[in-house]
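Accompanying notes for the structure given below.
So you know, we letter chains A, B, ... as the sequences are listed, proteins then strands, and number each from 1.
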Protein chains: 2
Amino acid sequence: MCNDKCNNNIVIPTDDMIIELADTFKVFSDSSRIKILYSMINQEMCVRHISQKVNMSQSAVSHQLKTLKQARLIKYRKEGKEVYYSLDDEHIEKILNVVIDHIKEERNE
Amino acid sequence: MCNDKCNNNIVIPTDDMIIELADTFKVFSDSSRIKILYSMINQEMCVRHISQKVNMSQSAVSHQLKTLKQARLIKYRKEGKEVYYSLDDEHIEKILNVVIDHIKEERNE
DNA sequence: TGAATATATGAACAATTATTCATATATTAT
DNA sequence: ATAATATATGAATAATTGTTCATATATTCA
């Protein structure tokens with residue numbers, strides 16, 4: 001019924017899911033945003049500290065945080081004048097790691 | 001030495017790796033390319049069949065295959081007039097699945 | 001060699017996007 | 001209320017990118 005050269009048993013995502021996939025990848029596809037994500041691995045970070053750590057203007061960071069927030073890659077918590085951002089969940093770090101694994105394997109071949 | 005609010009034990013990727021990460025994500029960040037990738041899960045596909053399956057012009061597909069090839073997301077094999085493309089390795093499907101997992105979890109919250 | 005088929009590619013155009021600059025909003029302390 | 005600090009945001013600009021159209025290259029067959 002179905003041999004190796006056949007992918008009928010694969011569930012092809014719906015068009016909506018394809019678009020959501022592409023949109024999610026797009027948010028990861030900028031080095032500034034990736035640096036920002038790494039800045040808050042394992043720790044909450046306020047905007048000012050992120051700016052310092054990734055060496056970007058406060059405004060540029062804030063714009064990118066908005067993008068990351070809308071894509072639900074990060075969450076935030078307000079405390080006084082400050083806003084603390086952190087990764088949305090463990091998936092985010094996992095996604096980064098899976099792609100790193102791919103890149104590192106490509107290098108050895 | 002190092003508590004919960006500290007990420008000193010995390011290896012922050014080098015700037016080069018950050019750029020490679022972003023570039024790799026960028027190649028995934030287009031729905032046409034994602035459709036093309038799905039078209040060849042578990043099977044080699046020639047360009048003409050990909051065009052038909054994803055409903056894109058031959059030229060558009062060929063341009064995108066070049067992008068996917070340069071990023072080493074796919075590999076190819078020539079046979080007569082035809083060129084057969086397939087996913088570079090198992091990482092590619094894994095990367096897609098990890099992001100799908102994230103999207104699906106977000107939906108439930 | 002010439003025709004037919006499969007794939008690749010260069011140029012051009014429209015659309016998207018990251019940053020900067022200026023300014024707005026929000027919170028706290030005096 | 002005012003000043004100071006933290007963050008957000010709108011407009012504008014420069015740069016990047018996906019598709020189309022036309023054409024080039026490569027392979028097979030008659």
Residue pair A:R72 / A:D89, side-chain heavy-atom distance below 4.5 Å: no

Non-hydrogen side-chain atoms of A:R107 and B:E20 separated by less than 4.5 Å: yes

Is [X] close enough to [N] that one of its side-chain N or O atoms is under 4.0 Å from OP1 or OP2 there?
| X | N | result |
| --- | --- | --- |
| A:K66 | D:dA8 | no |
| A:Q64 | C:dT19 | yes |
| B:Y85 | C:dA6 | no |
| A:S32 | C:dA18 | no |
| A:S59 | C:dC21 | no |

Measure from [atom1] on [X] to [atom2] on [N] and round the result to the nearest Å.
| X | N | atom1 | atom2 | value |
| --- | --- | --- | --- | --- |
| B:L68 | C:dT9 | CG | C1' | 16 Å |
| A:L65 | D:dA6 | CG | P | 16 Å |
| A:R48 | C:dT28 | CZ | C1' | 14 Å |
| B:E82 | D:dC29 | CD | P | 11 Å |
| B:R77 | D:dA26 | CZ | P | 20 Å |
| A:M56 | C:dT20 | CE | P | 7 Å |
| B:R33 | D:dT16 | CZ | P | 15 Å |
| A:D23 | C:dA15 | CG | C1' | 15 Å |

Aromatic ring of A:H63 stacked on base six-ring of D:dT9, 5.5 Å, 30°: yes

Geometric class of the A:F25/B:F28 ring pair [parallel <30°, tilted 30-60°, perpendicular >60°]: parallel

Other residues, nucleotides, ligands: >12 heavy atoms within 6.0 Å of B:Y84 OH: yes

Crowding at NZ, A:K94 (>12 non-hydrogen neighbours, <6.0 Å): no

Residue mapping more 5' on DNA chain C - nearest nucleotide basis, A:T67 or A:K78: A:T67

A:D30 or A:G80, whichever maps to the more 5' nucleotide of DNA chain C: A:D30

Nucleotide nearest A:S62 (side chain, heavy atoms from C-beta), chosen from C:dT28, C:dA8, D:dT9: D:dT9

base_contact_polar (C:dA8 base, B:Q58 side chain, donor-acceptor, <3.5 Å): yes

